[in-house]
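Heavy atoms only: backbone and side chains are in, while hydrogens, waters and symmetry mates are out. Below, read A as the first sequence line, B as the second, and so on, with proteins coming before strands; counting in each chain starts at 1.
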2 protein chains.
Amino acid sequence: MSEDKATLTDAVHDLLRKAIIEQALKPGMRLPEDTVGEQFGVSRTIVRHALVRLEHEGLVITRRNRGAFVAEPSRDEAQNVFEVRRCLENDVIRLLCERMPRSGYDRLEAHVRQEESVRGKDGPVSIRLAGEFHVLLAELTGNPVLTRYVSEVVLRCSLIMSLYARSHSSDCAVDEHSQIIEAIRAGDAQRAIQIMEHHLGAVAGRAELSAHPDSIQSILSHYGKELAQ
Amino acid sequence: MSEDKATLTDAVHDLLRKAIIEQALKPGMRLPEDTVGEQFGVSRTIVRHALVRLEHEGLVITRRNRGAFVAEPSRDEAQNVFEVRRCLENDVIRLLCERMPRSGYDRLEAHVRQEESVRGKDGPVSIRLAGEFHVLLAELTGNPVLTRYVSEVVLRCSLIMSLYARSHSSDCAVDEHSQIIEAIRAGDAQRAIQIMEHHLGAVAGRAELSAHPDSIQSILSHYGKELAQ
DNA sequence: AGTCAGTCAATTGGATACAATTATCTTGCG
DNA sequence: CGCAAGATAATTGTATCCAATTGACTGACT
C-alpha cells in the first residue's frame with residue numbers, strides 16, 4: 001500500500017474501480033472480502049466499505065450472505081444506463097452552450113490532442129481517456145452534482161462495453177469529440193446534441209444491445225411467475 | 001428494532017434518511033456513531049455503514065476523524081442540485097411522452113388524489129407525498145437508473161428546502177401536478193416541461209437561493225486563495 | 001434414478017477492542 | 001489580559017472475533 005490517500009477505504013475503492021473498468025476483474029467474478037483484503041494488506045472492514053460504495057455506483061452487486069460480485073449488467077440494465085447517459089450528456093451540452101468557461105475550449109482541445117496521441121492503441125489508457133473526455137465536459141458545467149452522475153454512468157458504460165462489445169478500439173471516435181467541441185463553440189446545441197446522440201449511439205450499437213436475445217430473466221418473465229414462490 | 005429489513009444497515013439507513021428529510025435531524029447536527037448506535041440499539045458498525053451510504057446520497061457529510069454531520073448545502077450546492085433536478089425531470093417528461101405505460105395515468109391520478117386529501121396540512125406526510133409524485137413520474141419511465149438519480153435529487157431538495165424555505169406548505173402545488181399529467185397525456189412535451197420548470201422554479205424560488213449572500217466560502221473565494229495553505 | 005433431508009464448510013453480518021487523530025481545556029508565559 | 005503550548009478527553013479509523021446464513025455435498029428413501 002504505497003498509497004497515502006485520505007483513507008484506506010478511498011484507496012481500495014479507487015483500486016478496485018480501476019481494476020474493474022480495466023477488465024482485470026471481469027464481470028461476474030467473485031470478490032470475497034478477506035481475499036481482497038489480504039491482497040491489499042488491509043482488513044475486511046476496509047474492503048467492505050469499498051464494496052458498499054462500488055455497489056452504489058453500480059459496478060458491483062452484493063447478494064445477501066453470498067458476497068460481492070463484479071456487476072454483470074443485463075442488456076436491459078445496459079440500455080437503461082445508456083439511456084440515462086444520453087439524457088445527462090445532452091443536458092451537459094445544453095448547459096455548456098450557455099456558459100462554457102473561458103479556459104474550457106483549451107482544456108477540451110488539449111484532451112483531444114492527448115487522445116489523438118494514443119490513437120490506434122487499444123490499451124487501458126485509451127479506454128480511460130475516451131471516458132474522461134465526457135467527464136471533462138461535465139466538469140466544465142461547474143456543477144459537481146451533475147459531474148458525479150455523468151462519471152458514474154460513463155464508468156458503468158465502460159463496464160458494459162467490456163461485457164458486450166467485440167472490440168474496445170475506437171470506443172469514442174476522436175474526431176466526433178472534435179465536432180462536438182466545435183458545435184458547442186458555435187452555440188449550436190441542437191447540432192452538438194445530434195452529434196452526441198450519434199456518437200453514443202455508435203458506442204451503444206457496438207455493444208449489440210438490441211440485436212441479441214435478452215437476459216434469461218426477461219425471457220422467462222414472459223412465461224409467467226407461477227413458480228416464483 | 002421491530003424492523004425486519006433485509007439488513008440492519010438498510011433499516012438504520014432508511015430511518016436516518018427519514019429523520020433527516022423530516023427535519024427531526026436538522027442540518028449541521030452531529031451524528032456520532034455510538035450515540036446513534038445506542039439510540040437504535042445497534043453497534044457502530046451498522047451506523048457507520050449507513051452513514052457511508054447517506055454521504056454518497058449527499059444527505060450527510062463526513063469530515064475526516066471528525067465524524068458525520070447532517071449536510072448543510074451551501075446556496076451554491078443547492079443551486080447545483082436544483083439544476084440537476086430540472087435536467088432530470090425534463091428528461092423524465094420527454095421519455096414519458098413517448099412511452100407512458102398503460103396504468104401510468106391511473107397511478108398518477110391516484111397519487112394526486114392522495115395529495116389533495118392532505119391539502120393544507122404541513123406535516124411530514126405532505127412533504128413526503130410531494131416528493132413522491134416526482135419519484136413516481138421517474139418510475140413510470142421504467143428506468144431504475146434514472147429513478148434512483150431522481151430520488152436522490154428530490155431527497156436532497158427536501159433537505160435544502162428545510163434549510164432555506166420559510167414555509168414548507170405547498171412545496172408542490174397539487175394542481176400543477178395535475179397540469180403536468182395532462183400535458184403528458186396530450187403528448188405535449190414542451191408544455192409539460194414548461195410547467196415543470198415553472199413548478200420547480202417556484203419551489204426553488206421559495207428557497208431564496210439567489211436573494212441572499214452566498215456561503216462564506218464562495219464569498220472568500222473571490223479574494224484569492226493565497227492563504228489557502 | 002430422482003428427490004429430499006441432514007450435515008459441513010465457507011463467507012458474510014455484526015460486535016467489540018485497540019490505535020490514531022482531533023478538539024477542548026488547562027496552564028504558563030509574555 | 002491575550003496568546004501559545006501541552007495535556008486530556010472524546011470520537012473516529014482499523015483490526016479481530018463470534019454468530020448466523022448460505023451453498024454444496026452426502027446419503028437415505030420413494
Side-chain angles (χ1 to χ4, degrees), chain A residues 1-16 20 25-57 59-72 216-217 226-229, chain B residues 1-17 19-20 25-57 59-72 216 227-229:
Chain A
M1 296 294 326
S2 59
E3 312 274 343
D4 62 329
K5 282 281 198 170
T7 71
L8 285 177
T9 304
D10 294 329
V12 173
H13 179 213
D14 284 357
L15 248 34
L16 282 178
I20 289 173
L25 297 170
K26 295 196 168 50
M29 195 170 276
R30 296 208 51 207
L31 298 172
E33 293 176 0
D34 39 10
T35 303
V36 177
E38 286 170 20
Q39 196 65 27
F40 290 126
V42 298
S43 88
R44 280 180 48 210
T45 312
I46 310 297
V47 177
R48 174 187 278 264
H49 284 176
L51 291 176
V52 168
R53 293 196 198 170
L54 288 167
E55 178 176 31
H56 213 100
E57 293 171 2
L59 296 180
V60 160
I61 63 168
T62 64
R63 292 212 278 268
R64 195 176 152 65
N65 287 315
R66 292 267 337 259
F69 303 78
V70 179
E72 281 181 296
I216 292 209
Q217 292 93 326
E226 292 80 19
L227 302 175
Q229 213 256 353
Chain B
M1 294 297 329
S2 59
E3 312 274 342
D4 63 329
K5 281 279 197 169
T7 71
L8 284 177
T9 304
D10 294 330
V12 173
H13 179 214
D14 284 358
L15 248 34
L16 283 177
R17 182 167 52 192
I20 289 173
L25 298 170
K26 294 194 169 50
M29 196 170 275
R30 295 206 53 208
L31 299 172
E33 293 175 1
D34 37 11
T35 303
V36 177
E38 287 170 20
Q39 195 66 26
F40 289 125
V42 298
S43 87
R44 280 180 49 211
T45 312
I46 310 298
V47 178
R48 173 182 279 266
H49 284 208
L51 290 176
V52 168
R53 294 195 197 170
L54 289 167
E55 179 176 31
H56 215 99
E57 294 171 1
L59 295 180
V60 311
I61 63 167
T62 64
R63 292 212 278 268
R64 195 176 153 64
N65 288 314
R66 292 266 338 258
F69 303 77
V70 178
E72 282 180 295
I216 290 210
L227 304 175
Q229 211 251 356

What is the distance, rounded to the nearest whole Å, between atom [atom1] of [X] and atom [atom2] of [N]?
X: A:E38; N: C:dT12; atom1: CD; atom2: P; result: 12 Å
X: B:D10; N: C:dG13; atom1: CG; atom2: P; result: 10 Å
X: B:R30; N: C:dA23; atom1: CZ; atom2: P; result: 10 Å
X: B:L51; N: D:dT14; atom1: CG; atom2: P; result: 15 Å
X: B:E33; N: D:dT14; atom1: CD; atom2: P; result: 11 Å
X: A:H49; N: C:dT12; atom1: NE2; atom2: P; result: 15 Å
X: B:D34; N: D:dT14; atom1: CG; atom2: P; result: 17 Å

- Evaluate the criterion side chain to side chain contact (heavy atoms under 4.5 Å, CB included) for residue pair A:L16 and A:V36; output intermediate values, then yes/no. CA-CA 9 Å; A:L16 282 178; A:V36 177; 4.2 Å; yes
- Item | Residues in side-chain hydrogen bond (donor to acceptor under 3.5 Å, both in side chains) contact with A:T9, at least two apart in sequence or another chain |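 If we apply the side-chain hydrogen bond (donor to acceptor under 3.5 Å, both in side chains) test to A:T9, skipping adjacent residues, there are no hits.
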- Query: So B:T62 and B:F69, side chain to side chain contact (heavy atoms under 4.5 Å, CB included) or not? Walk me through it.
  - Reply: CA-CA 6 Å; B:T62 64; B:F69 303 77; over 6 Å; no
- Message: Counting the atoms with a prime plus P, OP1 and OP2 as sugar-phosphate, which does B:T9 contact under 4.0 Å by heavy atoms, base, sugar-phosphate, or nothing?
- Response: sugar-phosphate
- Message: Under 4.0 Å, counting only non-hydrogen atoms across every strand here, what does B:R63 touch: a base, just sugar-phosphate, or nothing?
- Response: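 No contact at all - B:R63 keeps every heavy atom at 4.0 Å or more from the nucleic acid.
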Distance (rounded to the nearest 0.5 Å) between [X] [atom1] and [Y] [atom2]:
X: B:R53; Y: A:H56; atom1: CZ; atom2: NE2; answer: 8.5 Å
X: B:L15; Y: B:L25; atom1: CG; atom2: CG; answer: 10.0 Å
X: A:D14; Y: A:L54; atom1: CG; atom2: CG; answer: 9.0 Å

- Would you work out how much the helix from C:dA1-D:dT30 to C:dG30-D:dC1 bends between its ends, with each end axis defined by five base pairs, to 10 degrees?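 Comparing the axis at each end, I get an angle of 20°.
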- Query: Does the side chain of B:R48 get closer than 4.0 angstrom to OP1 or OP2 of D:dT12 through an N or O atom?
  - Reply: no
Got a list of side-chain donor-acceptor pairs under 3.5 Å for residues 26-34 of chain A, not counting sequence neighbours?
from  : atom 1 : to    : atom 2 : distance (Å)
A:K26 : NZ     : A:Q23 : O      : 3.4
A:R30 : NH2    : A:R66 : O      : 3.2
A:E33 : OE1    : A:R44 : NE     : 3.0
A:E33 : OE1    : A:R44 : NH2    : 3.1

- For B:H49, all residues meeting ring pair (Phe, Tyr, Trp, His ring centres under 6.0 Å), sequence neighbours excluded: A:H49
- Task: Kindly point out which of C:dA15, D:dT14, D:dT11 is positioned nearest to the side chain of A:L8?
- Result: D:dT14
- Task: Select from A:I46 and B:R66 the residue whose nearest nucleotide in DNA chain D is closer to the 5' end of that strand.
- Result: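 Closest to the 5' end, via its nearest nucleotide, is B:R66.
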Polar-atom pairs under 3.5 Å, protein N or O versus N or O of nucleotides 16-21 of chain D: list them with distances, or write none.
from   : atom 1 : to    : atom 2 : distance (Å)
D:dT21 : O3'    : A:N65 : ND2    : 3.1

- Query: Among all residues two or more places apart in sequence or in another chain, which pass the salt bridge (Lys or Arg N to Asp or Glu O under 4.0 Å) test with A:E57?
  - Reply: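 Residues passing salt bridge (Lys or Arg N to Asp or Glu O under 4.0 Å) with A:E57: A:R17.
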